[in-house]
Amino acid sequence: MHEMSLAVSIVELVSGKARAAGATKVTAIELEVGKLSGLMPEALAFCFEAAARDTLAQGARLEIREVEGGGRCLACGHAFVLDSLLAQCPQCGGYAVETVQGRELQVVSLTIDEE
Amino acid sequence: MCDSCGCSQPDNSVTIRRAGQNVSGSANHHHAPHHHHDRPVQGRIVEVREAVLGKNDALAAHNREFFKNRRVVALNLVSSPGSGKTTILERTIRALLGEIPMAVIEGDQQTMLDAERIEATGAPVVQVNTGAGCHLDADMVHQALHQMEPAENSLLFIENVGNLVCPAMFDLGEAAKVVIISVTEGEDKPLKYPAMFDAASLCLINKIDLLPHVDFEVARCREYALRVNRRLEFFELSARTGEGMPGWLDWLRSRL
Ligand SMILES: Nc1nc2c(ncn2[C@@H]2O[C@H](COP(=O)(O)OP(=O)(O)O)[C@@H](O)[C@H]2O)c(=O)[nH]1
Ligand SMILES: [Mg+2]
Ligand SMILES: [Zn+2]
C-alpha cells in the first residue's frame, strides 16, 4: 500500500513545518496530488488519519486538490490531457508521449493553531 | 561516507547491519506526547509548497553525488517478490568476481536470508530490514553506505523490497533502475505497474528456461513495456541456467 508510505512522508513534512512555525496543532493541510501520481485520494486520506495519530497533525483535515495530467506527443508535438501513463496521442496515435503535468505531490499550506 | 551530511538518527523500526552482525543501534525513541490546551486558538495559514518526497529526493541527490565522486555505478533492482532478483545477483557476482569490484545492499522487510545468499558469493553486503516499510528510501541507503563503503570504480547493486509500486516513487540516488519480470508472471505487468516500467532504464525478463511450460509471450511483454517507456532496454535470461547472462554482463561492464 504505497499510500501509507506517502502518508508517513506527509506527516513528517507537516510536523516539521508546524513545529518550526510554533504550532500546537495542525487543523488543515492543503495537498496537491497529480492524477498521474498513482495515488488514490480516498486511500491517501485513510492512511493519513492513521499516520497522523499522536502527532501535531492528528485530526487535521486533508484538503486534496487534484491536478490534471498533461502530455505532449514527441512525434507530432500535440499537447493534450493525459489520463494515464499509457495514453496514446489523440492526433497521430503515437505512444511516445512526454508527461508534462500530473505527477505532483506537494504540501501547499497548513492551517495551524498557535500558543 | 560523508563529512557534511549530519546523518540523521535511524528510524526505530529499521535495522541496518553487515551480514553476520547482530542487531544493533535500533534503540527505540519515542516522541513525547504533546500537551493539549484548553484555551481558544485561532487558525493561521502557513505556506509550505514543498514536495512530499522532497527530503528523500535531497538525500538521494546526496547519495548520487557520493557515487559520482567515487565512480560507483549504483543499480536499483526492483520486481515483484520472487522474480529472481537475488538469484540474478548471485549469478552475476560469481561471473564478475575478480573482474569488477561489487557490493550489495539487500532490502527485505524481515529476514537476513538474501544477505546470507549474497555473502556466500564473496561480495560485501549490508542488509536493510525495513520492518513494515515496503520500499527502501534514500536515507536507508545512506546509512547502509556508512556501514560499507563501496570501492572506487565498482558496481553497487541495491536489491529493493519486492514490490512494483512504492519503489518507483523513492529515488535512492541510483544510476538506473533495473526492473525484473519473470515469465511465470503475467506479460501485462508493464500495463498494471506503468510507473515502475516508466522509471526503469533496463528490463530483465527472467526464468526463460521455463518458457516451454508457461503461456508467457515475450514479444507481447516487450511491446507493453515499450508502450509505457519507449527507451527501455531488455535482456531475456535465466538466472538458473545462465542462458542470456552475457548480454546483461556486457551491459554492466559498459556502465563503468
Ligand atoms: N526456473 C527458474 N527459477 C528461478 C530463476 N531465477 C530465480 N528462480 C527461482 O525463483 C525463486 C525466487 O528467486 P529469488 O532470487 O529469491 O527472487 P527475489 O524475491 O526476486 O529475490 C527461487 O526459488 C529461485 O530459485 C530462473 O531463471 N529460472
Ligand atoms: Mg530477494
Ligand atoms: Zn502525436
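To find a chain, count down the sequence lines: A is the first, B the second, and so on, and within it residues start at 1.
Of the atoms belonging to A:Glu32, it is side-chain heavy atoms, and not backbone ones, that fall under 4.5 Å from chain B. Using a 4.5 Å cut-off between heavy atoms, A:Thr27 does not touch chain B at all. Contacts of A:Leu110 with chain B are made by both backbone and side-chain atoms, with heavy-atom separations under 4.5 Å. Using a 4.5 Å cut-off between heavy atoms, A:Leu36 does not touch chain B at all. Residue B:Phe197: no heavy atom, backbone or side chain, is found under 4.5 Å from chain A.
Scanning both residues, B:Val52 and A:Leu6, for their nearest heavy atoms gives CG1-O, 4.0 Å. Considering every non-hydrogen atom in both A:Thr111 and B:Gly43, the closest pair reads CG2-CA, 4.1 Å. In terms of heavy atoms, A:Ala21 sits closest to B:Arg44 at O-NH2, 3.2 Å. Between B:Pro194 and A:Leu86, the shortest heavy-atom distance links the atoms CB-CG, 4.5 Å.
Between atom CZ of residue B:Arg49 and atom CD of residue A:Glu30 there is a gap of 7.0 Å, rounded to the nearest 0.5 Å. Note that CG of A:Leu13 and CD of B:Glu50 are 5.5 Å apart. Values are rounded to the nearest 0.5 Å. Between the CG atom in A:Leu105 and the CG atom in B:Leu53 there is a gap of 6.0 Å [rounded to 0.5 Å].
Inspection of non-hydrogen atoms places B:Arg227, B:Val228 of residues 217-228 of chain B under 4.5 Å from chain A.
Within 6.0 Å of CD in B:Gln109 there are more than 12 heavy atoms belonging to other residues, nucleotides or ligands. No more than 12 heavy-atom neighbours from other residues, nucleotides or ligands sit within 6.0 angstrom of NZ on A:Lys17.
The shortest distance between side-chain heavy atoms of B:Arg230 and A:Leu74 falls below 4.5 Å. Side-chain contact between B:Cys134 and A:Ser5 is present, with at least one heavy-atom pair separated by less than 4.5 Å.
In terms of heavy-atom pairs under 4.5 angstrom with chain A, the leader among B:Asp198, B:Asp137, B:Ile45 is B:Ile45. Contact count against chain A (heavy-atom pairs under 4.5 Å) is highest for B:Met169 among B:Glu47, B:Met169, B:Arg231.
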